[in-house]
Amino acid sequence: MSSVSYRGGGSGWSFVGEETVPLAKRILILIGTKKGLFVAESDGDRKAFRLRGPYCNTWPIHHAILDPSSGAIHAAGGNEWFGPAVWTSHDLGATWTHSSEGLAYAEGEEPVSAVWSLAPGSDGALYAGVQPAGLFRSTDGARTWTHVRGLRDHPTRPDWNPGGAGLILHSLVPHPTDPNRLWVGISSAGVFGTDDGGQTWEPRNKGTRADFFPEDQRYPELGQCVHCMVLAPGTDQLLYQQNHCGMYRSEDGGRSWTSMENGLPSSFGFPAAVHPRDPRTVYLVPLNGDSAGRFMPDAKTAVWRTRDGGTSWQAMREGLPQENAYFGVLRQAMAVDAMEPAGVYFGTGSGEVYASADEGDSWTQIVAHLPTISSVETHVLDA
Amino acid sequence: MARHDDHSGAAGHASAVRAALPVTVKLPAVLCDLFPGSRREVSMVVATVAEMIDELDRLWPGMGDRIRDTRPAIRKHMNVFVDGSRASLKTPLAPGDEVYVLTAISGG
């Protein structure tokens, strides 16, 4: 190693005196489950993960993130008894608080039952997507929330229909630098985008199918069942989408979508993840369709990877169960890390987490026997 | 509910005693676990279930949201019983009442 390297970057090296030595890293995997949040933690080698939890009083946790601007973990959930809340820890999980202050619609409306997604905005705000579908914003670290009313004021809202899991705002994609731009995915109303900080929104579903509509109405303005939408890191409008009916790429911020399902074993799945530095490398987990159990195709586990933005696909199977894999992977249950090479992680409906430390080439089961896994997110810390 | 003291001989005194009698509220452990420092049993002077929830929220900020949703109504899987009868937010509370806040059977 001859070059001077840097702290906090992806290379994992630090300059000390006249020598360059590996900079120690910690990898946190935040695992939201039906019964609490768990954290799996490893050194930078990603060979041995230690599990801790359950946190959040075993509430169903649909999504959890570590906000890089504050260092806080936020966990989004909803409890059958007690309703919605966002849990927050400022000490990586040792202690927690919770709040739902402001997560409210007007009196008389169906109340917010759960928080399904979280994302930090470029201006330091935190966004939350909830059920029934709506968007909230916090500027005090999830202590209080303000309704972003423009989305639910959209004139098409009476036409929004719930998907199988309810009318949920699950995909929450802030623009990386412009706080006025944001995309959301709602099952099954489709994708919406705003360019004015959430005051006005437009449906962005052109080119995505709705196979569950009559044959001559399969490309509507809205009503598509988006399952997961992600922005390619390092870009500002390259989006990928796993839909109930196909996989898609948009190079214009969702204004038009192109199918990229050719070469995949089915058009159905839930999660999508993009390589942290290569915007054309995408990971999907296609399932065996929507009406045959929603299992791994042929009961053999595979993560499918493209290196060319969806033109061609390869099945990544090494180390993954190749028989009797009757599980699925939910929409927020796959993530990448920022290491070099990139790590890829996914959690199953049957409570296992699989990890790849080589960009998907090979896999290891790092956690087992958890409750149903709803979400997986990662964060790399200096040790 | 009769709580007369027929032997007091002083109606004004009896009325004052009644007004001073608080309501006793009993909370489930799983709710108190969410609010460190909260107690399973608390006394308060309130006139309705809604006022009782307001007072719980004053004592332990955030507890109100866990019992009452934004319609507003008692949450679907929470129950409030007043002297053995299921209550709503409008149910009046009389001095000396015992109120149980309970979680419904649910889960999986």
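For clarity, every value in this text was computed on a predicted model and none was experimentally measured.
- At a heavy-atom cut-off of under 4.5 Å, chain B is reached by no residue from residues 139-168 of chain A.
- The minimum heavy-atom distance between B/R66 and A/P84, with the atom names listed, is NH2-O, 2.6 Å.
- Contacts between A/E109 and chain B at a heavy-atom distance below 4.5 Å involve the backbone alone (N, CA, C, O).
- Annotation: side chain of A/W81 is not in contact with side chain of B/L31 (no heavy-atom distance under 4.5 Å).
- Of the residues B/T103, B/D65, B/D69, the one that meets the side chain to side chain contact (heavy atoms under 4.5 Å, CB included) test with A/F82 is B/T103.
- Around the CZ atom of B/R86, the shell of radius 6.0 Å holds no more than 12 heavy atoms that belong to other residues, nucleotides or ligands.
- Closest approach of B/L34 and A/W87 over heavy atoms only: CD2-CH2, 3.5 Å.
- The minimum heavy-atom distance linking A/G83 with B/R75 is given by the pair CA-NH1, 3.5 Å.
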Taking it one step at a time, do A/H98 and B/F35 satisfy side-chain contact (heavy atoms from CB on, under 4.5 Å)?
CA-CA 9 Å; A/H98 53 86; B/F35 298 92; 3.7 Å; yes
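- For A/T95, the side chain to side chain donor-acceptor pair (under 3.5 Å) partners are A/D91, not counting sequence neighbours.
- When heavy atoms are compared at a cutoff of 4.5 Å, B/I67 does not approach chain A at all.
- Neither the backbone nor the side chain of A/W96 comes within less than 4.5 Å of any heavy atom of chain B.
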